[in-house]
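Written out below as structure tokens is the structure these notes cover.
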Amino acid sequence: AQQKLQYGAQYTGKRTDAAMNKWRSNRFGQFIHWGLYAIPGGVWNGKTYNYAAEFLKSSAKIPTSTWDSLMYQFNPVKFNAKEWAKMAKKMGAKYMTITTKHHEGFCLWPTKFTEFNISHTPYKKDILKELVEAYNAEGIDVNFYYSVLDWHHPDWRYDIKSAEDSIAFRRFLKFAADQLRELATNYPTVKAFWFDGTWDNSIKKNGWWTLEVEKMLKEVRPGAIVNSRLRADDFGKRHIDSNGELMGDYESGYERRLPNPYKDLQVTKWDWEACMTVPENQWGYHKDWSLSHVKSPLELLEMVVHTTSMGGNFLLNFGPAGDGSIRKEEQNIAAEIGAWMQANGHVIYNCDYAGWEKQDWGYYTKQKGSNTLNLVVFNVPVSGLLKIKAPAGTRFKTKQGLEEIAKDQYLFHMPIQLYKVPQVIILETESNSGSGDKYQ
Ligand SMILES: C[C@@H]1N[C@@H](c2cn(-c3ccccc3)nn2)[C@H](O)[C@@H]1O
């Protein structure tokens with residue numbers, strides 16, 4: 001039964017204001033994980049650690065004082081924000097999400113609330129400002145990733161087990177709220193906040209703070225968008241509150257995995273975003289990518305299409321090196337995905353779940369408010385015949401290549417040839433035909 005929650009969902013259904021419509025229409029974004037962890041790149045005292053490079057501090061059991069002194073080495077001489085932004089533009093990214101502060105606690109901006117920040121490095125300058133300006137100049141929205149979990153701050157607590165814990169953690173929560181207000185105030189073009197490091201009991205026991213931060217950010221920056229991962233309700237329930245309602249503005253639980261296009265259609269009811277690494281599990285720069293499978297541009301492109309076909313956004317991660325360079329694998333991914341997006345972005349940007357039953361050959365997307373149906377074909381059958389099961393009563397304007405074989409069942413004839421990239425087929429349907437919402 002529904003219960004009165006103080007810190008639960010603030011509204012139900014998808015936001016339809018201009019800021020959220022733009023966030024949704026963006027569909028494809030670039031994640032950037034950049035911090036002190038990029039300097040060692042997964043290697044410490046000559047030993048290579050196979051775990052995620054941004055976790056090297058814990059996997060190599062490095063004392064905080066040793067780890068934090070990496071700040072005095074941070075001098076990315078090859079860093080060029082404009083070059084990064086141009087690469088992202090060419091890839092077809094419409095937004096970029098940058099780690100303002102990861103779990104290590106090092107801040108890429110000259111924050112007033114801790115000395116552990118970019119202004120005390122040899123580089124000195126405000127990297128966050130450089131990135132925001134360069135990406136905005138390319139017409140790319142910028143969002144801020146912020147880890148609440150903070151290995152550097154003495155008042156961080158994983159759990160609250162004593163009066164001392166709760167006094168320290170209250171200081172910590174004020175510190176974090178002050179930093180977030182600072183970010184929302186000093187970088188006024190920021191569009192969304194991507195919270196991470198919010199799974200511990202200390203946060204679950206302070207759901208009130210997660211709502212207070214969401215409200216503060218939207219006061220300071222009207223239209224701001226906040227992910228579900230920030231939020232814990234009155235009972236410590238996260239993402240989805242104790243009444244089953246999504247908290248925050250979009251669901252952000254898909255990390256290195258995507259919803260199943262046959263079984264997880266519930267995600268089409270709300271806004272959501274999946275984030276993805278190129279290797280199996282490396283967000284920060286790792287020197288040795290031979291340690292796991294590295295996804296090809298085509299594998300990643302299929303994930304972009306898969307995500308759009310289920311009404312979600314796809315955030316593809318880049319981990320720049322400590323010197324500010326972008327590794328060749330990532331440059332290649334940006335170029336190859338960009339080439340396809342250049343020609344076919346119209347089946348991704350401002351597109352959504354079509355409500356048609358998924359078939360083996362690939363994915364359907366639909367341009368918002370239109371009657372055109374986009375078929376993105378990754379797996380051409382040996383027969384060359386694409387099976388289409390249309391919602392009852394659908395009438396097609398497109399005749400070319402379409403063969404009706406039974407009521408609302410069609411085959412689309414594809415030329416038998418070698419295909420090296422996913423093929424796009426656009427089918428026009430009559431405006432008032434078909435009950436598109438049949439599968440929702
Ligand atoms: C978005 C991603 N979230 C961070 C993360 C992942 N994890 C984690 C830790 C243990 C199990 C599964 C996931 N902890 N922090 C990663 O470092 C990256 O920032």
Side-chain angles (χ1 to χ4, degrees), residues 28-42 44 49-62 67 70 93 95-108 128 131 142-153 156-159 176 179-180 183 192-204 210 225-232 238-239 248 250-259 272-287 289 291-292 294-295 300 303 307 312-322 330:
F28 179 40
Q30 178 192 37
F31 214 164
I32 296 180
H33 275 72
W34 204 30
L36 302 180
Y37 44 77
I39 297 170
W44 196 260
Y49 289 78
N50 195 1
Y51 197 57
E54 70 281 4
F55 270 79
L56 182 64
K57 180 175 183 266
S58 50
S59 31
K61 298 185 178 44
I62 301 163
W67 182 266
L70 284 169
Y95 67 105
M96 183 274 278
T97 301
I98 174 72
T99 50
T100 61
K101 182 187 85 165
H102 201 259
H103 309 336
E104 63 181 6
F106 175 70
C107 301
L108 283 185
L128 195 59
L131 284 170
V142 174
N143 303 334
F144 291 162
Y145 166 109
Y146 182 87
S147 173
V148 182
L149 165 60
D150 187 319
W151 297 330
H152 168 85
H153 199 289
W156 166 259
R157 294 290 183 280
Y158 287 97
D159 201 350
Q179 285 207 308
L180 288 159
L183 286 168
F193 290 84
W194 205 106
F195 285 92
D196 202 7
T198 51
W199 45 79
D200 291 298
N201 282 340
S202 52
I203 302 291
K204 289 182 188 172
T210 72
I225 293 158
V226 171
N227 66 336
S228 62
R229 196 176 292 209
L230 163 65
R231 304 277 276 97
R238 298 185 56 238
H239 294 275
Y250 67 93
E251 200 276 317
S252 57
Y254 287 98
E255 179 173 320
R256 296 193 299 117
R257 63 192 176 95
L258 295 181
W272 61 279
E273 178 192 63
C275 57
M276 191 58 67
T277 52
V278 175
E280 197 48 46
N281 183 13
Q282 293 296 340
W283 298 93
Y285 177 82
H286 196 293
K287 284 176 178 159
W289 268 18
L291 299 172
S292 85
V294 176
K295 298 176 192 76
L300 294 163
M303 292 182 183
T307 303
N313 282 12
F314 188 75
L315 188 58
L316 176 57
N317 186 67
F318 283 61
E330 293 177 346

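This structure is a prediction, so every number in the text was calculated from the model and none was measured. Side chains included, hydrogens not; waters and symmetry mates left out as well; all remaining heavy atoms used. For ligands, and for the atoms within them, numbers begin at 1 and follow the listed sequence.
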Next on the checklist: Please determine whether side chain to side chain contact (heavy atoms under 4.5 Å, CB included) holds for the pair Ser59 and Trp44, giving the CA-CA distance in whole Å, both sets of side-chain angles, and the decisive distance to 0.1 Å.
Outcome noted: CA-CA 10 Å; Ser59 31; Trp44 196 260; over 6 Å; no
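- No donor-acceptor distance shorter than 3.5 angstrom exists from the side chain of Ser292 to the backbone of Pro279, with no hydrogens or angles considered.
- Distance from atom 2 (C) of ligand 1 to its nearest protein heavy atom, with residue and atom name: Glu255 OE2, 3.2 Å.
- Between Trp283 and Phe31, the gap from one ring centroid to the other is short of 6.0 Å.
- Counting protein heavy atoms only, atom 17 (O) of ligand 1 is closest to Glu54 OE2, 2.8 Å.
- Ring geometry for His103 versus Trp151: interplanar angle over 60°, hence perpendicular rather than tilted (30 to 60°).
- Within ligand 1, counting atoms from 1 as listed, the ones closer than 4.0 Å to a heavy atom of Tyr145 are 19 (O).
- Here the protein heavy atom with the shortest distance to atom 5 (C) of ligand 1 is His103 NE2, 3.8 Å.
- Those atoms of ligand 1 that come under 4.0 Å of a heavy atom in His33, given as number and element, are 18 (C), 19 (O).
- Under a 3.5 Å cut-off, the side chain of Arg231 and the backbone N or O of Val226 do not form any donor-acceptor pair.
- Neither the backbone nor the side chain of Tyr37 has any atom closer than 4.0 Å to an atom of ligand 1 (non-hydrogen atoms only).
- Between Arg256 and Thr277, the side chains place no donor N or O within less than 3.5 Å of an acceptor N or O (distance only, hydrogens not considered).
- For the pair Asp196 and ligand 1, the shortest N or O to N or O distance falls below 3.5 Å.
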Next on the checklist: Between Tyr146 and Gln179, does the side-chain hydrogen bond (donor to acceptor under 3.5 Å, both in side chains) criterion hold? Intermediate values first, please.
Outcome noted: CA-CA 10 Å; Tyr146 182 87; Gln179 285 207 308; 2.7 Å; yes
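- Atom 8 (C) of ligand 1 is never approached by the protein to below 4.0 angstrom, counting heavy atoms only.
- Side-chain atoms of His102 and Tyr145 form a donor-acceptor pair, as typed in the model, at a separation below 3.5 Å.
- Of the candidates Trp194, Phe55, Tyr51, it is Tyr51 that places a heavy atom closest to atom 10 (C) of ligand 1.
- Under a 4.0 Å criterion applied to the non-hydrogen atoms of His102, ligand 1 contributes the atoms 16 (C), 17 (O), 18 (C), 19 (O).
- Considering backbone and side-chain N/O atoms, Trp283 never comes within less than 3.5 Å of an N/O atom of ligand 1.
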